[in-house]
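Notes to accompany the following structure.
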Amino acid sequence: MKQIATVAAFFLMLLSPALADGYDKTEKTKAYEVRLRVPAAAMAIAALKSEIMARWKKDSGDIKAQAVSDQKEMPQYFHAYAMDTNWRVTFESARLISLSGDSFIDEGGAHPNGAFDSIVWDKQANRAVPMEALFAKGRAAAAYKAIAASARATWLKTVNKESDEPTDPSMADEGIGNDAQHLGHYALTYAKGQKKANGIVLLYGAGEAWAHVLEQFWNELTRDGFPKLA
C-alpha cells in the first residue's frame, strides 16, 4: 500500500463532477437555511436515494431544531444557522457507485464547521459496502493496521507543517485507529484514465482526527485494484 496524495486541489478534482439533473433543494426560514445537493446517478437508485435522504433528514433535522430553540432562548445574539451538504460521485462502475458528502455548517459559533460523509453502494446487492468487504477474507485486520499507519503518518506530517514544534505522535491515536470505525468515512477513487477503482480516500471532518487543529483532513491511499468489487 502506497500513499500517493493529500493535496486539496487533487482531491477536489477527483470529487467534482456536475450535478446534471440531480437533486438541489434549499429550505430557508428566519431561523435557518439548509441545502442538499445529490447527483443524478445517486438519485436514480431508489434504495441509495432513500439512504441519503434518511441521513439528511436526521442531520438537517438536528440543526433546524437547535436553530429554532436557540432563536427563542437568545434572540439578541442569534443569527440564522446554515447547513449545506453536497454529495459527489467519486467512482462508478457497472457494479459500484461511490459517493462523498461534504457539509458546511454554521451554528452561530466563532467560525463555521465542516463534516464529511460517504457511501460506497453495491448496485447488484442494493446495499452499502462496508470497508471490510474490500479485502480478502481474513485480511481486514492487517489492512486496517496498514491503512491506520499511513493515515497517522499523513496526519502528523500535516500537523507538523503548521506547528512551531513537533507534535506528540500519540495525539493521532485520539481519532485514528486500527478498525473501520476509526478510519474515517471511506470512498473509492481512481487514477485518470483508469476504469477500475485503485484507491481509497479517508475523510475526517473537523475534530474527528484530533481537536479542530486541522479542520478537515483526508488521506488518500492506493492498492492494486479492488477485484472483489470493482
Side-chain angles (χ1 to χ4, degrees), residues 6-12 14-17 19 22-28 31-39 42 48-70 79-91 97-121 128-131 147-148 151 154-155 158-159 162 171-172 174-177 179-189 200-220:
T6 55
V7 181
F10 181 69
F11 173 77
L12 292 174
L14 287 171
L15 309 187
S16 57
L19 273 175
Y23 182 93
D24 187 346
K25 183 176 181 180
T26 298
E27 180 182 351
K28 185 175 182 179
Y32 57 80
E33 180 174 350
V34 296
R35 181 184 184 188
L36 174 64
R37 287 170 280 175
V38 186
L48 176 56
K49 173 185 173 180
S50 294
E51 174 64 25
I52 292 172
M53 291 302 175
R55 296 187 188 189
W56 173 248
K57 182 178 180 180
K58 179 184 182 305
D59 294 341
S60 64
D62 289 345
I63 196 170
K64 289 190 290 186
Q66 187 63 51
V68 171
S69 175
D70 289 349
H79 71 79
Y81 287 6
M83 182 175 185
D84 185 344
T85 297
N86 189 16
W87 286 91
R88 301 178 177 92
V89 176
T90 68
F91 171 78
I97 183 170
S98 174
L99 304 167
S100 73
D102 186 3
S103 294
F104 168 87
I105 304 167
D106 182 358
E107 297 175 289
H111 54 77
N113 209 335
F116 284 121
D117 201 354
S118 67
I119 302 174
V120 177
W121 192 265
V129 179
M131 185 184 287
I147 292 171
T154 301
W155 186 88
T158 305
V159 173
E162 300 182 7
M171 290 184 175
E174 292 186 22
I176 302 172
D179 58 85
Q181 182 179 356
H182 293 93
L183 288 176
H185 304 287
Y186 93 93
L188 301 182
T189 63
I200 62 175
V201 61
L202 307 179
L203 308 169
Y204 293 90
E208 288 186 323
W210 177 70
H212 284 71
V213 64
L214 287 181
E215 295 188 353
Q216 296 181 335
F217 166 73
W218 50 87
N219 177 224
E220 187 160 349

Distance, nearest 0.5 Å, that separates CD of Q181 from CE of M131: 12.0 Å
S98 and T90: side chain donor to acceptor below 3.5 Å: yes
From CA spacing to verdict: side chain to side chain contact (heavy atoms under 4.5 Å, CB included), T85, D117: CA-CA 9 Å; T85 297; D117 201 354; over 6 Å; no
Nearest-0.5 Å distance, CD1 of residue I63 to OH of residue Y81: 8.0 Å
Audit row: L36, Y23, side chain to side chain contact (heavy atoms under 4.5 Å, CB included) steps and yes/no: CA-CA 7 Å; L36 174 64; Y23 182 93; 3.8 Å; yes
Closest non-hydrogen atom pair between G108 and H79, with its separation: CA-NE2, 3.5 Å
Worked check of side chain to side chain contact (heavy atoms under 4.5 Å, CB included) between L99 and L48: CA-CA 10 Å; L99 304 167; L48 176 56; 3.9 Å; yes
Short side-chain to backbone donor-acceptor contact, S118 and Y186, under 3.5 Å: yes
Heavy-atom side-chain proximity of W87 to P39 below 4.5 angstrom: yes
Close side-chain approach of Y204 and I176, heavy atoms under 4.5 Å: yes
Derivation and outcome, side chain to side chain contact (heavy atoms under 4.5 Å, CB included), residues D84 and V34: CA-CA 6 Å; D84 185 344; V34 296; over 6 Å; no
Flag, side chain of S60 to backbone of W56, donor-acceptor distance under 3.5 Å: yes
Single hit among Q66, E27, K64 for side-chain hydrogen bond (donor to acceptor under 3.5 Å, both in side chains) with Y32: E27
Nearest-0.5 Å distance that lies between atom CG in L203 and atom CG in D102: 8.5 Å
Distance, nearest 0.5 Å, that separates CZ of R35 from CG of D24: 4.0 Å
Min side-chain heavy-atom separation I147-I200 under 4.5 Å: yes
